[in-house]
Amino acid sequence: MLHHKIDELLALCQELLEENQTLKASEQAWREERAQLVEKNELARSKVEAMISRLKALEQES
């Protein structure tokens, strides 16, 4: 009986370990995706700000 319970606990520990590893990998993928999106957002912001500056300069020239 005790051996059976120990085997069940060991199996549960292994299952939880594998689930934890999967969750950590998933979290890392989400972090990388978020970093890429933040970078793209900053690039887009810079481009928009540059366009606004050029439009203002054109407006002042005319």
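Side chains are part of it too, since the values below use all heavy atoms of this structure and drop only hydrogens, waters and symmetry mates. Positions are given from 1 along the sequence.
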*Asks:* Pairs in or reaching into residues 40-52: which pass side chain to side chain donor-acceptor pair (under 3.5 Å), with residues at least two apart or in two chains?
*Replies:*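 Matches after skipping sequence neighbours: none remain.
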
*Asks:* Suppose we screen for side-chain hydrogen bond (donor to acceptor under 3.5 Å, both in side chains). Which residues come up paired with H3, at least two apart in sequence or across chains?
*Replies:*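 Applying side-chain hydrogen bond (donor to acceptor under 3.5 Å, both in side chains) to H3 gives none.
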
*Asks:* Report the residues that fulfil side-chain hydrogen bond (donor to acceptor under 3.5 Å, both in side chains) with E59, sequence neighbours left out, ordered by chain and then residue number.
*Replies:*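 side-chain hydrogen bond (donor to acceptor under 3.5 Å, both in side chains) list for E59, sorted by chain: empty.
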
*Asks:* Residues in side chain to side chain contact (heavy atoms under 4.5 Å, CB included) with E33, at least two apart?
*Replies:*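 Scan of E33 (side chain to side chain contact (heavy atoms under 4.5 Å, CB included), adjacent residues dropped) gives W30, L37.
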
*Asks:* With rounding to the nearest 0.5 angstrom, report the CD to OG1 distance, E18 to T22.
*Replies:*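 OG1 of T22 is found 7.5 Å from CD of E18.
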
*Asks:* Residues in side-chain hydrogen bond (donor to acceptor under 3.5 Å, both in side chains) with Q60, at least two apart?
*Replies:*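 By the side-chain hydrogen bond (donor to acceptor under 3.5 Å, both in side chains) rule, Q60 matches no residue at all.
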
*Asks:* Does any part of the side chain of K24, heavy atoms only, come nearer than 4.5 Å to the side chain of Q21, both counted from C-beta?
*Replies:*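 A side-chain contact under 4.5 Å is absent here.
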
*Asks:* Say you draw a straight line from CG of L17 to CG of L12; how long is it, rounded to the nearest 0.5 Å?
*Replies:*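 So the CG of L17 and the CG of L12 are separated by 11.0 Å.
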
*Asks:* Determine whether more than 12 heavy atoms belonging to other residues, nucleotides or ligands lie under 6.0 Å from atom CD of E8.
*Replies:*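 Yes, the 6.0 Å shell around CD holds more than 12 heavy atoms from other groups.
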
*Asks:* Are L9 and M1 connected, step by step, through hydrophobic side chains (Ile, Leu, Val, Met, Phe, Trp, Tyr) whose heavy atoms are closer than 4.5 Å?
*Replies:*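 Per the 4.5 Å side-chain linkage, L9 and M1 are not co-clustered.
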
*Asks:* How many angstroms lie between CD in Q14 and CG in L16, if you round to the nearest 0.5 Å?
*Replies:*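 So the gap between those two atoms works out to 9.5 Å.
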
*Asks:* Could you work out, with salt bridge (Lys or Arg N to Asp or Glu O under 4.0 Å) as the rule, every residue matching E27, not counting sequence neighbours?
*Replies:*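 E27 satisfies salt bridge (Lys or Arg N to Asp or Glu O under 4.0 Å) with R31 only.
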
*Asks:* At what distance, to the nearest 0.5 angstrom, does NZ of K5 lie from CG of L2?
*Replies:*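 So the NZ of K5 and the CG of L2 are separated by 10.0 Å.
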
*Asks:* Judged by modelled atom types alone, do Q36 and E32 share a side-chain donor-acceptor pair under 3.5 Å?
*Replies:*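 Absent: no donor and acceptor within the cut-off.
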
